[in-house]
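We're numbering straight along the sequence, starting at 1.
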Amino acid sequence: MSTALEMLATSLTQNLDDDIVSMTTQLGEISITLKADAWLSAAKSLRDHPEFKFDQLIDLCAMDYSEHHDGISDQRYAVVYHLLSLVQNVRLRVKVFASGDDLPMIPSLIDIWPAANWYEREAFDVMGIIFTGHPDLRRILTDYGFIGHPFRKDFPVSGNVEMRYDPEQQRVIYQPVTIEPREIVPRVVREPNYGGMK
């Protein structure tokens, strides 16, 4: 581990120790899992504390752990944040598990990192995570009438309705699925003595 990462790990332990659930170092980057109820205050500390200065939120993504738990939490949904400190020249990956599986909720970080706006909207749209305090939490990738959240592992692979643009009506319309379901696994049919095998 480099000196910068060692210093960051020490600072994280000293300043956020009560809020850290786990900490690992992989591929030259520290990953921490934080408690959901402490996330807002920890995020402010990560941005403002002179030993951190994580002034940029690079990315945010949602995870569905319905089939694979990492042993840290029994919650289904998590949000992973990628932070960058230009002053310290280090990156940090932060994972926070959403409270509740039926209606997963995490506080919005728009007031701390304004770049979180569209990332949070995307995570809401595709995974159904509610970011409390978000000023405009609405769909960003799917149609406004879309039902469900397509990146959830229990989302059906095929449906009963398809949508398309109708040039005559000049709008998007919904209609029954016109594609016949088919098996896409190739069938291998061999003769009994194929390749000299009996």
Side-chain angles (χ1 to χ4, degrees), residues 8 11-12 15-16 19-24 26-66 70 72-73 75-155 163 165 171-172:
L8 176 59
S11 297
L12 287 167
N15 294 292
L16 301 176
D19 303 331
I20 296 176
V21 177
S22 72
M23 183 185 316
T24 59
Q26 292 177 322
L27 304 173
E29 190 172 311
I30 294 178
S31 298
I32 60 173
T33 301
L34 293 175
K35 297 175 184 174
D37 56 354
W39 175 220
L40 225 84
S41 61
K44 288 177 185 172
S45 179
L46 289 171
R47 183 195 63 188
D48 298 335
H49 196 283
E51 292 181 29
F52 302 135
K53 289 290 183 188
F54 287 101
D55 46 4
Q56 289 192 6
L57 171 69
I58 299 172
D59 192 17
L60 171 162
C61 67
M63 306 290 292
D64 182 350
Y65 284 97
S66 63
D70 59 1
I72 296 172
S73 173
Q75 298 293 327
R76 177 175 174 179
Y77 300 102
V79 178
V80 180
Y81 302 85
H82 296 266
L83 306 176
L84 171 66
S85 172
L86 295 172
V87 174
Q88 307 294 345
N89 192 26
V90 290
R91 294 173 185 257
L92 178 68
R93 182 180 300 113
V94 180
K95 184 190 299 183
V96 180
F97 281 88
S99 58
D101 288 350
D102 296 332
L103 188 64
M105 300 175 102
I106 285 184
S108 174
L109 296 182
I110 290 180
D111 293 337
I112 298 170
W113 293 291
N117 188 347
W118 283 21
Y119 292 136
E120 290 179 355
R121 285 182 59 191
E122 179 183 12
F124 162 72
D125 190 3
V126 299
M127 199 67 79
I129 295 175
I130 305 295
F131 291 89
T132 57
H134 192 290
D136 187 22
L137 195 60
R138 59 189 163 105
R139 293 191 180 271
I140 192 169
L141 296 174
T142 61
D143 184 54
Y144 291 125
F146 191 87
I147 297 170
H149 304 284
F151 283 11
R152 287 187 174 185
K153 291 184 179 175
D154 57 0
F155 190 78
M163 74 174 200
Y165 180 77
R171 67 181 184 92
V172 173

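Closest approach of G133 and S108 over heavy atoms only: C-CB, 3.9 Å. Heavy-atom minimum distance, L46 versus L83: CD1-CD1, 3.9 Å. Taking every heavy atom of both residues into account, F131 and P107 meet most closely at CD2-O, 4.2 Å. For the pair G128 and P104, the tightest heavy-atom approach, listed with the atom from each and the gap, is O-CG, 3.6 Å.
In terms of the salt bridge (charged side-chain N to carboxylate O under 4.0 Å, His left out) criterion, D102 has no residue partners (sequence neighbours excluded). For N15, the side-chain hydrogen bond (donor to acceptor under 3.5 Å, both in side chains) criterion is met by H49, not counting sequence neighbours. Partners of R138 according to the salt bridge (charged side-chain N to carboxylate O under 4.0 Å, His left out) rule, which considers only residues two or more places apart in sequence or in another chain, are D136. Taking D125 as the reference, R139 meet the salt bridge (charged side-chain N to carboxylate O under 4.0 Å, His left out) condition, with sequence neighbours excluded. Partners of I147 according to the side chain to side chain contact (heavy atoms under 4.5 Å, CB included) rule, which considers only residues two or more places apart in sequence or in another chain, do not exist here. Remark: R93 engages E29, S31 in a side-chain hydrogen bond (donor to acceptor under 3.5 Å, both in side chains) (not counting sequence neighbours). Not counting sequence neighbours, T24 has no partner by the side-chain hydrogen bond (donor to acceptor under 3.5 Å, both in side chains) test. For the side chain to side chain contact (heavy atoms under 4.5 Å, CB included) test, residues two or more places apart in sequence or in another chain that qualify with D154 are R76, R152.
Expressed to the nearest 0.5 Å, how far CD1 of I106 lies from OG of S99 amounts to 7.5 Å. Considering CG of L57 and CG of L84, their distance stands at 10.0 Å, rounded to 0.5 Å. Here the CG-OH distance, from L103 to Y77, works out to 10.5 Å after rounding to the nearest 0.5 Å. Put simply, OG1 on T142 and CZ on F151 are 10.0 Å apart, with the number rounded to the nearest 0.5 Å. Taken to the nearest 0.5 Å, the CD1 atom of I20 stands 9.5 Å off from the OG1 atom of T33. How far CE of M63 is from CD1 of I129: 10.0 Å, rounded to the nearest 0.5 Å.
With a 6.0 Å radius and a threshold of 12 heavy atoms from other residues, nucleotides or ligands, R91 has its CZ atom at or below the threshold.
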Side-chain donor-acceptor contacts of residues 38-45 below 3.5 Å, not counting sequence neighbours, with atom names and distances?
| from | atom 1 | to | atom 2 | distance (Å) |
| --- | --- | --- | --- | --- |
| W39 | NE1 | Y81 | OH | 3.4 |
| S41 | OG | A38 | O | 3.1 |

Show which side-chain atoms of residues 111-118 pair as donor or acceptor with protein atoms under 3.5 Å away, not counting sequence neighbours.
| from | atom 1 | to | atom 2 | distance (Å) |
| --- | --- | --- | --- | --- |
| W113 | NE1 | F54 | O | 3.0 |
| N117 | OD1 | H134 | NE2 | 3.0 |

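Checking side-chain atoms of Y119 against main-chain N and O of I58 turns up a donor-acceptor pair under 3.5 Å. At least one donor-acceptor pair under 3.5 Å links the side chain of Q88 to the backbone N or O of P50. Looking at H149, its side chain does come within 3.5 Å of a backbone N or O of F124 through a donor-acceptor pair. Judged by distance alone, the side chain of D64 and the main-chain N or O of K153 form a donor-acceptor pair under 3.5 Å.
Considering only heavy atoms from C-beta on, L8 comes within 4.5 Å of F52 through its side chain. Contact annotation: the side chain of E120 approaches that of L109 to within less than 4.5 Å [non-hydrogen atoms, C-beta and beyond]. By the 4.5 Å heavy-atom criterion applied to side chains, L92 and V94 are counted as neighbours. No side-chain heavy atom of V79 sits under 4.5 Å from any side-chain heavy atom of K95.
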